[in-house]
Student: 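My questions all concern the structure below.
Naming convention: chains lettered A, B, ... in sequence-line order (proteins, then strands); numbering from 1 in each chain.
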2 protein chains.
Amino acid sequence: MSRASERAYSAIRAHLLSGSVVAGEQLTEDQLAQITGVSRTPVREAVRRLEDELLLVRSDTKRLFVADWSRDDIEEMFTLRQMLECHAAERAAKRLSREQIAALEALNRELTAAVEASPPDVVRFLEANRAFHEAIIDAAHSPRLGQMLAKLVEAPVVLRTARTYSQDDLRQSARDHDELVAAFAARDGDWARAVMGSHLRRAFHTFARAVGPANDSDAGEP
Amino acid sequence: MSRASERAYSAIRAHLLSGSVVAGEQLTEDQLAQITGVSRTPVREAVRRLEDELLLVRSDTKRLFVADWSRDDIEEMFTLRQMLECHAAERAAKRLSREQIAALEALNRELTAAVEASPPDVVRFLEANRAFHEAIIDAAHSPRLGQMLAKLVEAPVVLRTARTYSQDDLRQSARDHDELVAAFAARDGDWARAVMGSHLRRAFHTFARAVGPANDSDAGEP
DNA sequence: TACGTGGTTATTGTATACAAAACGCGCTCG
DNA sequence: CGAGCGCGTTTTGTATACAATAACCACGTA
């Protein structure tokens, strides 16, 4: 994407994740243009992407609001992610080269180091984790699958604000990744799928615990 | 979507499906603005959507081309659709009301009537078929799932040009739908999933037969 | 008070002009 | 002969002005 439009996208995104806006709040293109320092044209383009990523939603009359995710929304996204990423892991098991598997091992060493630092380096963990999953998805070699997963994987960062990760959670993630690498090395798609499934399902519960008990409110503007 | 932008979208889409453009051909926003009769601003918006639907692709330097789908691309999309729509069928089995099941039956009577007409009314068949699948996806009550499937279900129409459907194919579809309704009436999610799986997998092979033997060319601009 | 109704403001949608970037082509120079 | 370089042309990206639509508010009426 071009300069202004890209700048608008990351600026708006950062603005949303900074916590300075509350879910359900209305935004206008003019406001966003001022915040980002570009004109409304590229802002509108950035807003399109953020709508697609479900960070912003539009009312039936085209007003723009900060998305408000219910617990059901989060569960839905994790369920879809699990379905798709298990598939990706299975495909990756058949396709990863020895070098790529070695690269995954290296990424997980990095991740483990971040976990074992004191205190654990969450930012470094998240980055290594992201790279690990991305490498698997890439290796699945299925462009539309990658496109869908990109949205699902990125999305929950909205809720990451002030999130606390226990060291146990992080360690378990590292162990899951180790087992995934083992499954890949054995070229065992079923194994990889199973490990990925439990990995993501646990991640959901860790997440859900933080966001509170189940309820059935819907996403969107008030 | 607003008037001009929506008009542009359907006009460009129609233009692409009309067969008057060949895969891999370059298009410019100006051309499309002329064809659609609106200015470049709404055209750009429509183009965004068509890119997202993979009917158009951009080169690394932002030039716009008519997408060229390989057999692998088609197989990927059917595989993803199968994975997601089986899930939708399973969820729908738990959620469809008696009225909604009755509505599905009605849709399939309409579909059957189109099939048994002489000659079979393919347009009517396709419309009833679309509505049938859409009703199931809606009943799954999973908005992001619906969004993803919408893209996957709509996409293959690109290849529908001059497609010939045998009456046997159409009849088998109608039978599958009957069995799906039975599975829903029995509230048997596993059954629904299984029927949907075979239904879509057969559809893929019917489709693939028409588009030719496997090859490994990639999508996109030349 | 509850409920429309008219006009006013706020917000989104579109057209157009201009800026930036990419392409194509002929040229030069090694 | 071919690789790289300028330069006009084409194409995409951005800003801005204006048009269309939706929300808001005050007011009048039952």
Side-chain angles (χ1 to χ4, degrees), chain A residues 1-16 20-68 218-222, chain B residues 1-16 20-68 147 219-222:
Chain A
M1 279 237 160
S2 46
R3 215 174 93 261
S5 165
E6 189 62 29
R7 218 154 60 90
Y9 171 78
S10 23
I12 296 171
R13 187 185 175 86
H15 187 240
L16 293 176
S20 60
V21 291
V22 301
E25 178 179 345
Q26 180 174 2
L27 298 173
T28 71
E29 296 173 356
D30 263 321
Q31 282 173 36
L32 295 174
Q34 285 194 315
I35 291 171
T36 60
V38 301
S39 84
R40 270 181 57 216
T41 310
V43 163
R44 282 171 65 85
E45 192 150 329
V47 164
R48 290 322 235 236
R49 282 177 65 187
L50 292 162
E51 276 181 80
D52 196 53
E53 294 173 11
L54 301 164
L55 271 66
L56 298 175
V57 293
R58 264 180 206 281
S59 74
D60 48 353
T61 61
K62 311 302 169 62
R63 255 75 181 162
L64 202 60
F65 298 88
V66 180
D68 182 15
D218 225 29
E221 71 286 355
Chain B
M1 276 237 159
S2 45
R3 213 175 95 263
S5 164
E6 189 62 30
R7 219 154 57 91
Y9 171 77
S10 24
I12 296 171
R13 188 184 174 88
H15 188 241
L16 293 175
S20 61
V21 292
V22 299
E25 178 180 345
Q26 181 174 2
L27 298 173
T28 71
E29 295 173 356
D30 263 322
Q31 282 173 36
L32 295 174
Q34 285 195 314
I35 290 171
T36 60
V38 301
S39 84
R40 270 180 57 216
T41 309
V43 163
R44 282 171 66 85
E45 192 151 329
V47 163
R48 282 331 218 238
R49 284 176 65 187
L50 292 162
E51 276 181 80
D52 196 53
E53 294 173 11
L54 301 165
L55 272 65
L56 298 176
V57 293
R58 266 181 204 280
S59 73
D60 48 355
T61 60
K62 311 301 169 64
R63 255 71 179 165
L64 201 60
F65 298 88
V66 180
D68 182 15
Q147 182 181 318
E221 71 286 353

Student: Take atom CZ of A/Arg58 and atom C1' of C/dT12, then tell me their distance rounded to the nearest Å.
Tutor: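 That distance rounds to 8 Å.
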Student: Less than 3.5 Å between a donor and an acceptor, one on the side chain of B/Thr61 and one on the base of C/dA22, is that the case here?
Tutor: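 No such pair is found, so the answer is no.
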Student: Just checking B/Glu51: does its CD atom have more than 12 heavy atoms from other residues, nucleotides or ligands closer to it than 6.0 angstrom?
Tutor: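 Above 12, so yes.
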Student: From D/dA15, C/dT12, D/dT12, pick the nucleotide closest to the side chain of A/Thr41?
Tutor: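 Output: D/dA15.
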Student: Can A/Val66 and A/Val22 be said to form a side chain to side chain contact (heavy atoms under 4.5 Å, CB included), step by step?
Tutor: CA-CA 7 Å; A/Val66 180; A/Val22 301; over 6 Å; no
Student: Within the distance-only criterion (no hydrogens, no angle test), does the side chain of A/Gln34 pair as donor or acceptor with the backbone N or O of A/Gln31 below 3.5 angstrom?
Tutor: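 Absent.
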Student: Answer with base, sugar-phosphate or nothing: what part of the nucleic acid does B/Leu32 contact at a heavy-atom distance below 4.0 Å?
Tutor: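 Touches nothing.
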Student: Which one of A/Val57, A/Leu32, A/Thr28 satisfies the side chain to side chain contact (heavy atoms under 4.5 Å, CB included) criterion with A/Leu64?
Tutor: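 Going through the options one by one, the only one that passes is A/Leu32.
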Student: Let me know the distance between OH of A/Tyr9 and P of D/dG13, rounded to the nearest Å.
Tutor: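 Result: 17 Å.
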Student: Measure the distance from CD on B/Glu29 to C1' on C/dT16 and round it to the nearest whole Å.
Tutor: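 Interatomic distance, CD of B/Glu29 to C1' of C/dT16: 14 Å.
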Student: For the side chain of A/Ser5, starting at C-beta, report the closest nucleotide among D/dA17, D/dT14, D/dT11.
Tutor: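 Side chain of A/Ser5 sits closest to D/dT14.
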Student: Find which nucleotide of DNA chain D each of A/Ala4 and B/Arg3 is nearest to by heavy atoms, and output the residue with the more 5' nucleotide.
Tutor: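 The residue whose closest nucleotide sits nearer the 5' end is A/Ala4.
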Student: Within this structure, what is the CZ-to-C1' distance between A/Arg44 and D/dA15, rounded to whole angstrom?
Tutor: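 For the pair A/Arg44 CZ and D/dA15 C1', the rounded distance is 14 Å.
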Student: Is a side-chain donor or acceptor of B/Ser10 paired with a backbone partner of B/Glu6 at a separation under 3.5 angstrom?
Tutor: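 A pair under 3.5 Å: yes.
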Student: Rounded off to whole Å, could you give me the CD-to-P distance for the A/Gln26 and C/dT11 pair?
Tutor: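 From A/Gln26 CD to C/dT11 P: 6 Å.
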Student: Provide, to the nearest angstrom, the distance between the CZ atom belonging to A/Arg7 and the C1' atom belonging to D/dT14.
Tutor: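 Atom-to-atom, A/Arg7 to D/dT14, this comes out as 12 Å.
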Student: Among D/dT16, C/dT12, D/dG13, find the nucleotide with the atom closest to the side chain of A/Ser39.
Tutor: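 Selected nucleotide: D/dT16.
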Student: How long is the line joining CG of A/Asp60 and P of D/dA22, in whole Å?
Tutor: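 Atom CG in A/Asp60 sits about 10 Å away from atom P in D/dA22.
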Student: What's the closest nucleotide to the side chain of B/Lys62 if the choices are C/dG13, D/dT14, D/dG13?
Tutor: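 Selected nucleotide (nearest to the side chain): D/dG13.
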Student: Out of D/dT16, C/dT11, D/dT12, which nucleotide sits closest to the side chain of B/Arg40?
Tutor: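 For the B/Arg40 side chain, the nearest candidate turns out to be D/dT12.
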Student: What's the CD-P distance between A/Glu6 and C/dA20, to the nearest Å?
Tutor: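 The distance from CD of A/Glu6 to P of C/dA20 comes to 19 Å, rounded to the nearest Å.
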Student: Taking for each residue the nucleotide of DNA chain D with the nearest heavy atom, is it B/Arg63 or A/Gly37 whose nucleotide lies nearer the 5' end?
Tutor: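 The residue mapped nearer the 5' terminus is B/Arg63.
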